[in-house]
Structure formats: C-alpha cells, structure tokens
Amino acid sequence: MKPNADPGTLGPDLLDLTEPPGGLEDRVLAGFPAAGTRRMRPGRRRQWALGAVALLMAAVTVAALLVVRPPAAHVETGASVPRPAAVVQAPPPVSSHVIAAASFTGQGNGWIAQSAGVSATADGGRHWTAHPGPDLSSGVLGIWTGPGDEVLVVTRQRFVPGDPPAELSPVFWRSIDGGAHWRELRPPGGGPPQAFQAYPLWVKDAREAWLVTQSGGLDPVATVRHTTDGGQTWQQQATFDVRAALGRDESVVQGELVFLDSRRGVLQTGGSTGPDFPPEPPSVLATADGGAHWTKVHLPQAPPGIDSTNQAGALVVPTHGGDLALVLQGVGTGRDASGAAKLSPAYVYSSPDGGLHWVGPRALPGDGGPLGNVHLTALDDTHWWWAVGTDVYFSSDRGRHWSPAGALPNPAQISDLRFSTATDGWARAANMAGNGPNTLFLTSDGGRTWSAVEPPDPIRVRVGCDAVPAPAVTYHVHLSYLASGGLLLPPAGVGVTSGCRYWLSTRDAAGVITVDLPQAQKGVVLTLGDFLDVWATDIQPQPGQPVAVFVNGQRYQGDPRAIPLREHADIVIEIDDGNPTQPPPFHWPPGL
Amino acid sequence: VEVDETRFQELARPQIRSAYRLAYSMLRNPQEAEDVVQESVLRAWSRVGQLRSPETFRPWLLAIVANECRRVMRSRWWSVLRLEELPARTVDEPADWVTGRLDLWQAMGRLRPDDRTALVLHYALDLPLEEVASILRISKGATKSRIHRAVLRLRPLLALEVEA
C-alpha cells in the first residue's frame with residue numbers, strides 16, 4: 001500500500017514507521033535512579049510572590065550594574081565586515097581519520113589526536129611519529145602540550161548501562177616524556193547515570209585542570225576539583241548546591257566552565273524551553289571563592305530578533321591574559337545550501353573582571369555558518385581571531401571592530417583554530433560540509449595565509465583535479481547507500497574545490513556522480529574507491545555487518561571499492577539484516 | 001502533590017513509546033532516539049518539581065524530548081557518516097508495503113525537522129492542536145498552518161516517489 005499523505009491514513013502510516021523496539025519502556029526505566037519524594041511546582045499565588053521577589057532582585061541588580069557599568073553598547077553590524085578574499089589553491093591533503101584534536105606550539109611542533117591514535121610532528125607535518133597508548137575510541141575532548149615534554153589527552157567516557165553504571169568522568173591520558181609512555185588517570189567523583197552530559201571541565205594546559213563532578217542520583221551537591229599535575233592527583237577545591245547556584249529546580253550542573261585561578265571561575269549554562277519551562281536565556285555564573293558560591297551575573301540584553309532561549313555558547317580565556325570572552329549563538333530559522341539549519345549570527349560579550357561584569361553584545365562577522373561550535377580564540381586583548389566557514393577575521397580591540405584576516409581554501413569548514421603567538425596559528429577543518437575535521441592548516445602571518453599540513457595518514461587520491469576542466473568524455477553514475485533501509489546519498493559539491501574540479505564530482509545531492517575524463521585519460525575506468533577517496537569518506541560496514549552490493553540491479557560480489565564507474569552504472573550498497581532487497585532502478589533525469 | 005519515584009514511573013511509562021516516536025521522527029536514528037528518550041526521562045525526573053499537575057505530564061515530557069532532539073541535532077552536524085535507519089522489516093510484509101514505507105520515510109526526511117515533528121505529534125500520536133502547539137512553543141493557529149503546510153509539502157514528494 002502506497003502512502004499518500006492523506007490525513008486519514010498518514011497517522012497509521014507514521015505509527016508504522018516509528019514503531020518502537022520491544023522492551024523500550026523497561027530499558028528506559030531500568031537505569032532509573034532510586035530517589036526520594038519530590039514536590040511539584042508551588043501554587044500560582046506563591047509563584048507570583050516568588051516572581052515579584054525575583055523581579056525586585058533583578059531590578060536592584062540591574063540598577064547596581066548600571067551604576068558601575070555603562071549601558072550595553074550599540075551592536076555593531078559584524079555581518080557587514082567584508083569577507084576575506086577567497087583562496088584558490090590545490091585541494092589540501094585529507095586525513096583518513098577525523099582529526100579530533102590538535103595542538104601546535106609554533107616552529108612546526110604539533111600534536112594531533114585521531115581515533116587511530118596520537119601523533120606528533122616537529123617539522124610542520126613533513127614527518128609524523130605515532131605515540132600509541134591512549135584509547136581514543138570513545139571520543140577525544142582535547143590535547144594539550146607543555147611545559148617541557150608533558151602531553152595530556154582527555155577522552156570522553158560514554159555512558160555504559162550496567163550495575164553499577166559506569167562512571168561518567170572524563171579520562172585523562174598523561175605523558176611526561178613526550179608520548180613515549182602514558183598513564184591512564186580517572187578523576188574521582190563520577191556518578192551514576194542521571195547526567196549523561198559530560199561534566200563541566202576546563203583544561204588550562206597539560207598540567208592544570210578543573211572539573212565539576214556530582215556524586216550521582218539526585219544529589220544536588222557538586223564538587224569542584226582541581227589538578228596541577230595533569231590529573232594524577234585532584235584537590236577538592238569547593239562544593240556547592242546546584243539548585244542554589246542555578247536558582248532553579250535543576251539538580252544537574254552542565255555547561256561551559258573556565259577558571260582563571262583557584263578562586264575565580266565562570267560557568268555558562270544553557271537555557272531551557274518548553275510549555276512548563278519559562279523560556280530561560282543562558283545564564284552566566286561567577287565565583288570568587290573557588291566555586292563554593294556562585295553569583296548569577298547580568299548579561300546585557302541580546303539584540304531583538306536573536307533567539308536568546310536556545311543557544312550554543314563558548315567561554316574563551318586569552319592565552320596570555322586579558323578580557324574573558326563569551327560567544328553566544330541562537331538557533332536561527334535559516335537554512336544553508338544543503339538544507340541544514342543555520343545558527344543566527346553570533347555575538348560576543350567580554351568581561352574585564354573575571355566574569356563578574358560583561359559588556360556587549362558585539363556582532364561577530366559572518367552569517368552564523370552551519371550548526372556547530374563557535375570558533376573564537378584570543379591571545380590577549382589585542383589579538384582576537386574569529387572563524388566562520390572558511391573565513392578568518394581579526395580584531396585588535398576585543399571584538400569591537402573586525403577585519404578580514406584570511407581564508408582557508410573552499411569548501412573547507414573550520415572546526416577549530418588557535419594561535420600560539422601573534423603570527424603562528426593552526427586550524428582544523430573539514431574538507432567539505434558534512435565531513436568531520438580531516439585537514440590541518442598552519443599560518444605564520446597571523447592568519448593571512450594558510451598552508452596545508454600533510455597528516456600522518458593521508459588519503460592518496462588517484463584521480464586528477466583540473467584547474468580548468470576540459471573533459472573529453474563526460475558521463476554519469478548513480479550511487480546510493482542503504483543501511484537497514486535508511487538512504488544516504490553523496491552530498492552536492494564532492495570533488496569541487498575553489499581551485500580545481502576532480503574528474504569525479506557531484507553537482508547536487510541526488511546521488512549522481514559526474515565523471516569528467518580529460519583527453520589523456522579517455523580510456524581509463526575509475527572505480528568507486530576513487531570516488532570515496534575524493535569524498536574522503538569510508539562507507540565500509542562495521543565488522544560483522546552483512547553487506548549486499550547491487551550494480552544495475554545485479555548482486556556484485558567482491559570489494560565495493562573496486563566497482564568500475566561505467567556510464568549510467570546504478571550502484572546500491574545495502575547493509576541489512578541478511579535479507580537484502582533488490583533496489584528499484586534509478587531513473588535518470590533527461591539530459592544525463 | 002507528591003511525586004515519588006513510583007508515581008513518576010507510573011506517569012512516564014505510558015508516554016515512553018510516544019516519546020520514542022517523536023524522537024525517532026526527528027533524529028531518524030533508532031539508537032539516538034532511545035538515548036534521547038532515556039535522557040529526557042531522567043531530566044524530567046530531575047525537574048519534576050516544575051511540573052504543575054499530572055495532567056500536563058505528556059506535553060511536558062514531549063517538550064523535553066523535542067528540546068533534547070534539537071540539542072542532539074545541533075551537536076552532530078559534523079558526523080563523518082550519519083546513517084538514517086528505517087525500522088527493521090519483517091519478512092512477511094508485502095513488498096509494495098515495504099516500498100511504500102520507504103517512500104514515506106524518504107519523503108518525511110525531506111521535510112524540515114519541525115514539520116516532521118508536527119506531523120508525528122498530530123497524526124501519529126493523535127495529539128490535539130493545543131498540545132502540539134504547547135510542545136512546539138507556537139500558537140495554535142501557527143500549529144495548524146504548519147501541519148497543513150507539511151502535508152502539502154509531503155504530497156508532491158510522495159507523488160514523485162511513486163512516479164519514480
């Protein structure tokens with residue numbers, strides 16, 4: 001029976017589509033923490049009274065802040081800053097594995113962490129040395145180097161159901177001999193599964209870090225822990241009541257954390273929305289006693305039109321000291337070319353006194369870019385860099401004014417950038433939207449120009465990339481990938497860079513691969529593996545997963561990478577439960 | 001009104017399947033959907049003091065689920081390879097029924113997540129417009145027009161699928 005979007009049948013069809021797996025309720029409630037009795041929200045009258053008190057306190061706070069700080073400055077139009085000039089160059093070498101974290105200290109000395117392991121270079125990536133030891137399979141939170149030969153890798157620990165449940169604290173991997181030997185260190189205080197999110201963590205360098213943990217269950221008491229030896233030992237710096245700190249009935253602390261020293265810290269927590277949650281903008285808490293007491297600080301109002309209730313944020317501490325920065329970005333309603341949601345333009349606040357008072361907001365250049373982390377980095381008060389998409393901007397006055405610095409080659413998407421000096425910096429980037437960060441770039445002129453770094457495991461792309469394509473032969477191939485019925489098609493723009501176009505490329509997201517062969521390659525038969533290399537994507541199934549490959553409706557036996565890309569080949573790779581179904585043929589649009 | 005663990009589970013258990021359907025329709029990945037439901041239930045418990053009355057538990061929980069789904073969608077944008085998965089097929093399902101379900105799944109995938117959410121809440125979970133509106137945090141009128149618009153968008157997509 002074909003679905004027809006008739007409201008009369010849509011409901012049953014959607015029910016069929018979203019049928020939950022068996023035993024769902026038991027699994028969901030199995031990990032439920034034992035807890036005491038709790039009260040529902042107080043009555044309306046009490047709410048009014050509480051609201052009036054809160055309003056009065058807010059008014060007093062605002063008045064006090066207005067006395068000591070001028071009103072929020074006019075928001076300058078960061079979006080009007082011209083974009084950096086586009087860079088035209090050969091496509092960068094792409095890593096076979098996602099580069100989950102990096103740290104470069106200048107003069108070509110750097111470290112990267114991938115799922116395949118940790119590697120270091122002393123010559124800007126010409127040579128890499130593998131440093132096995134840390135288990136990075138569950139996710140990398142970051143890598144920090146120095147002083148001396150000290151290296152710290154922090155990994156995420158996923159929630160693992162069990163009895164007792166696995167702890168949630170991050171795992172520290174510490175080396176004091178330049179990666180020759182590693183110690184696995186687990187901070188104390190991890191708790192059972194009420195907090196699926198990672199605990200707030202701030203790592204200053206390879207030695208010093210702060211972590212906020214909770215003992216589990218619904219205990220609202222959180223502990224601030226501090227290490228000065230890369231996680232070998234932890235001091236209990238302070239404890240605090242999460243509900244009192246947040247000012248709401250929320251027993252789990254989450255958010256962005258920084259500590260400037262053992263006393264001054266800032267915590268930015270996300271807002272919440274919902275019919276029974278009053279919309280709450282993100283709140284910023286500051287402590288001056290190591291975390292025993294937190295004060296909710298005033299954040300000047302975001303400009304009209306910015307969604308202030310559901311935001312991504314980041315706290316930035318300048319490496320060499322200076323104003324703290326807080327970047328916020330609301331979830332906008334716009335869409336990028338691929339149809340993905342875009343964030344609203346980002347804004348930055350700065351704090352000269354360790355987070356007690358904030359000025360701003362100031363608009364950041366760019367249109368918000370795709371969903372993801374915000375990429376602001378600061379060296380001191382006169383060196384701020386902001387990256388969005390491929391573009392890098394520079395500010396010498398803490399974000400008041402921005403100028404284009406440089407750009408990475410299209411279509412790279414910057415995931416992270418840092419500067420160790422006013423001139424030396426590095427950036428991690430994805431080679432195209434939709435991929436994880438798999439390229440590395442270095443700059444030695446403050447971000448004006450960027451040179452690609454050869455990763456330790458580069459993908460060797462066999463097909464050429466022509467600056468001025470002049471194909472002697474052009475034809476098309478269709479590729480789709482089914483996993484338990486879910487459909488994946490290559491995105492638009494595979495094989496298209498700012499400087500050249502590969503012999504294999506996609507113009508839209510319909511799964512059609514265009515093969516453009518120059519005269520000299522007229523008789524060459526390229527393979528699916530060639531296309532996957534250009535795409536920098538591995539579509540191999542997990543070990544043990546049955547895979548069925550169809551070419552023009554016929555089962556194909558053998559390595560999918562070896563499938564020849566012949567004209568109008570219709571390739572379907574299907575991962576299924578052992579009962580693959582022959583896919584319907586692809587209907588070629590006229591003209592292809 | 002007291003809500004202890006037992007009472008909370010009594011309230012939550014009947015809503016878990018609806019919560020999963022909502023999460024699955026938004027995330028289109030069964031593992032992520034189940035994770036989100038589990039997390040949302042625990043978040044609901046940690047915030048149960050904010051619940052006004054047991055009668056509002058369903059929209060309250062589903063709003064938490066929707067928020068968690070949005071958070072997951074925001075955080076996974078750079079996933080190397082995210083596969084959307086259909087529910088497992090059973091061998092005795094007619095082939096055209098399976099194909100039809102694939103058509104609907106693909107067509108739903110081309111709608112905006114919020115449009116998908118509205119359709120699932122209203123048609124699959126049979127929630128009244130007022131409840132859908134409160135979960136989506138938009139007015140009843142806007143909810144009605146969003147659902148209407150989503151159905152209109154879905155029709156040509158399905159027609160294309162069928163023709164193809």
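All chains are named by letter (A, B, ...) in the order of the sequence lines, taking the proteins before the strands, and each is independently numbered beginning at 1.
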(message) The criterion is salt bridge (Lys or Arg N to Asp or Glu O under 4.0 Å); which residues satisfy it with A/Asp416, sequence neighbours excluded?
(response) A/Arg418, A/Arg428
(request) Side chain from CB out, backbone as N, CA, C, O: work out which of these in B/Leu119 comes under 4.5 Å of a heavy atom of chain A, or both, or neither. (result) both
(request) Quick one: pull up CZ in B/Arg17 and CG in A/Leu24 and give me the separation to the nearest 0.5 Å. (result) 7.0 Å
(request) Work out which heavy atom in B/Tyr20 is nearest to a heavy atom in A/Pro21; give both atom names and the distance. (result) CZ-CD, 3.4 Å
(message) Would you compute the distance between atom CD of A/Glu25 and atom CD of B/Gln9 and round it to the nearest 0.5 angstrom?
(response) 12.0 Å
